[in-house]
Amino acid sequence: MRNILPILIASCLAMGQTVVAQTYTVSSPEGNIVLTIDNGQELKYSVSLEGDVMIAPSPMGFEFKGEAPMTGGFKVLGEPKQQGKVEEWTPVVANKHSFISVPYNELVLNLQEGESPYRKMDVTFRVMNDGMAFRYTLYGTPVLGNREITREVTGFAVPEKATLRIPNFAYEQDGRSYKSSQEGEYVKTPVTEIRSDQHCGLPGLIEIDDNHCMAILNAALDNFPALYLGRSEGPKDGFQLLQTKLTPIWGETENGVKARFSEKQDTPWRVVMVGHNPGKFIESEILRSLNPPCSIEDPSWIKPGMSAWDHWWSGEVLMEQEVIKQYIDFASVQGWPYMLIDWTWYGPYATPEADITKPAPQLDMPEILSYAKSKNVDIWLWLRCEDANHNDQYKAAFPLVVKAAAESQLMVDLHGAYCPDGIDRTYPNLLTREGVMGSEYYKWSDRVTPEHNVTLAFTRLLAGQMDYTPGGFLNVTKEQFKSQSPALVMNTRSAELAKFVIYESPFMCFCDHPDHVLGQVGSDFVQIVPVVWDDIRFLGGAPDEYVALAKRSGEKWFVGVLNNSIQRDLNLDLSFLPMGTYRLEYWRDGKQANKDATSCEHKSVVIRSDKPLKLKLANAGGYVGILTKVEK
């Protein structure tokens, strides 16, 4: 592994006086990714992968209300701080790895304007083996009062042939157009065709060609507005500039104030995953590595697990004592530790009589808690938090929420929320969050297609925990599907089981009614599938087509495969396994699965790791398997 940080400094003459233009290059530890920073009349950066340009020189800096822009003309103070480091830790909650090691090379530039008013700004750059990231540090000025950011100038000049997967979020258009639950499809769009007035949510998967891709994300989002992507003017010299759009402070216009500060202010990390296949990004721990270590002194009370959930199956919640007990029984029979009681448990939704300190009159909460304890099941409760889906500087306050919850030893699942940024490393009591168009949409639309479910793994899942709430056992074909109550699911039973392996959620909400599940093929798998994992491997796939992952729990490897609407044959490479013989227990699409989506075969065989695993997937099909090494 190479831990060399090459730095090149160049000088030039212009207009009869010396203008010092400095160029710094920082390589990833393995040398595959190179970040170049140009500090001249404009501050710019660029990124290459094995010599291929991924991001052409792109602007950096900020614009302010009542101040000149800070975009260039800087001098570097002192000697640049450059180090090769490794971020290593054992996570409290093992979302993907039981031990994490992220090597990186870091360069810190302490900048000051070369002319009055001599404002300062630091930029910290990190380059990892699967991407790069940078963050700004801004400072107050001698002038009394807040500095006000109106625009972040950061851009991403990507090849003009590239496409961006734009999430089709529904935004409120009453002057608060960034307010959204961030639930939608990820639509493949040529970057040159992005509307000039459009703001595109993250993660932003950029596909350049079949062998080059990137993903743009936020990390460590705290007391600063979230980043969205927009398109600037048309392409230039073969590259299209994507510009940063920050969420305006509540009540401000699109061109108004985005953030205020008077003292030192760190921005979130601007993260770019870089590679040859977006599936490898699923394995990445970049976002968590950019967040502070766990701040909870004794996190032993944090317990991931599967949960029964009373909201999904019926179309609306039946908030009745006996229904809740039925779901508690369901969790107990399945061996799950939790049952989630959803909205209206403390009165009608969003009405004055809804009082979180008083359960609804038809419920005896002490008796419910006592009954659950007798069944060895713990209870989660839903509560409403206004405007949690508007991620401006002050509404992006989830760190405060989860910190306050941690102080009372409460675990958290955020719904109607913007996508993760790795904060669960710092506050592992945040076990999952929504920000995804998941299974609830089956109740009222046909938008949750097999293609959407596959593409989520290459887009939304790159940000981390995703409370999709899988588990629908009323499986039908695309032709048979209709929105109804009880809700149907537009994929095979095996595909539904695969979601528990593919999707990351240490608090996994199982959505269906016990009457639809108990005694059915696959109910045994959801008894034993873990919600935390020791390791992960991407085995194959592409957005819109299919995704195959393997995840390890202890000595067992779980394989999950989700297919799109077109049946296919696959050969999965098992060379990641130690050489030997394995017992494979699997649940696969049955022979009639293209007509009867509940058709699922459950069998066991013995295989060798040096032979490919041959699969036949139905339309909207899937596969799950458990591999256990056979000792001689």
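Basis for what follows: all heavy atoms, side chains included, without hydrogens, waters or symmetry-related copies. What you see is a predicted model, and the numbers here were worked out from it, not measured in a lab.
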Of all the heavy-atom pairs spanning [X] and [Y], show the shortest one and how long it is.
X    : Y    : answer
G554 : R552 : O-NH1, 2.8 Å
Y228 : G201 : CD2-CA, 3.5 Å
K258 : T150 : NZ-O, 2.7 Å
G347 : A360 : N-CB, 4.0 Å
S101 : V86  : OG-CG1, 3.3 Å
D342 : W309 : OD2-NE1, 2.7 Å

Between [X] and [Y], is NZ or CZ placed under 6.0 angstrom from the six-membered ring centre and within 45° of the ring axis?
X    : Y    : answer
R425 : W89  : yes
R433 : Y418 : yes
R147 : F64  : yes

With a 4.0 Å cut-off, would you call [X] and [Y] a salt bridge?
X    : Y    : result
K96  : E283 : no
E504 : R288 : yes
R493 : E496 : no
K264 : D266 : no

Quick check on the 6.0 Å ring-centre criterion: do W533 and H97 meet it? no
Y136/F62 aromatic ring centres below 6.0 Å: yes
Do the side-chain N and O atoms of Y468 and N453 include a donor-acceptor pair separated by under 3.5 angstrom? yes
Would you please say whether a donor-acceptor pair under 3.5 Å links the side chains of T154 and E152? yes
Could you check whether atom [atom1] of [X] has more than 12 heavy atoms from other residues, nucleotides or ligands sitting under 6.0 Å from it?
X    : atom1 : result
K403 : NZ    : no
E263 : CD    : no
D515 : CG    : yes

Let's go through F473 and H513 carefully: what are the C-alpha distance in whole Å and the side-chain angles of both, what is the deciding distance for ring pair (Phe, Tyr, Trp, His ring centres under 6.0 Å) to 0.1 Å, and is it a yes or a no? CA-CA 9 Å; F473 266 44; H513 190 282; over 10 Å; no
List the residues meeting ring pair (Phe, Tyr, Trp, His ring centres under 6.0 Å) with W557, not counting sequence neighbours, and say none if there are none. F576
Can you tell me how the ring of F510 sits relative to the ring of F500, calling it parallel under 30°, perpendicular over 60° and tilted otherwise? parallel
Mind checking whether Y346 and W382 have parallel, tilted or perpendicular rings, split at 30° and 60°? parallel
Residues in salt bridge (charged side-chain N to carboxylate O under 4.0 Å, His left out) with [X], at least two apart?
X    : value
E434 : none
E254 : none
R126 : E106

Nearest 0.5 Å, what's the CE-OH distance between M132 and Y104? 14.5 Å
Between E185 and R165, is the salt bridge (Lys or Arg N to Asp or Glu O under 4.0 Å) condition met? List the steps. CA-CA 9 Å; E185 303 90 341; R165 295 273 175 169; over 6 Å; no
Only counting residues at least two apart or in another chain, list the ones meeting side chain to side chain donor-acceptor pair (under 3.5 Å) with H452. none
Considering residues at least two apart in sequence or located in another chain, which fulfil the side chain to side chain donor-acceptor pair (under 3.5 Å) criterion with D130? S284
If we ignore hydrogens and angles and just use 3.5 Å, is the side chain of S370 paired with the main-chain N or O of E367 as donor and acceptor? no
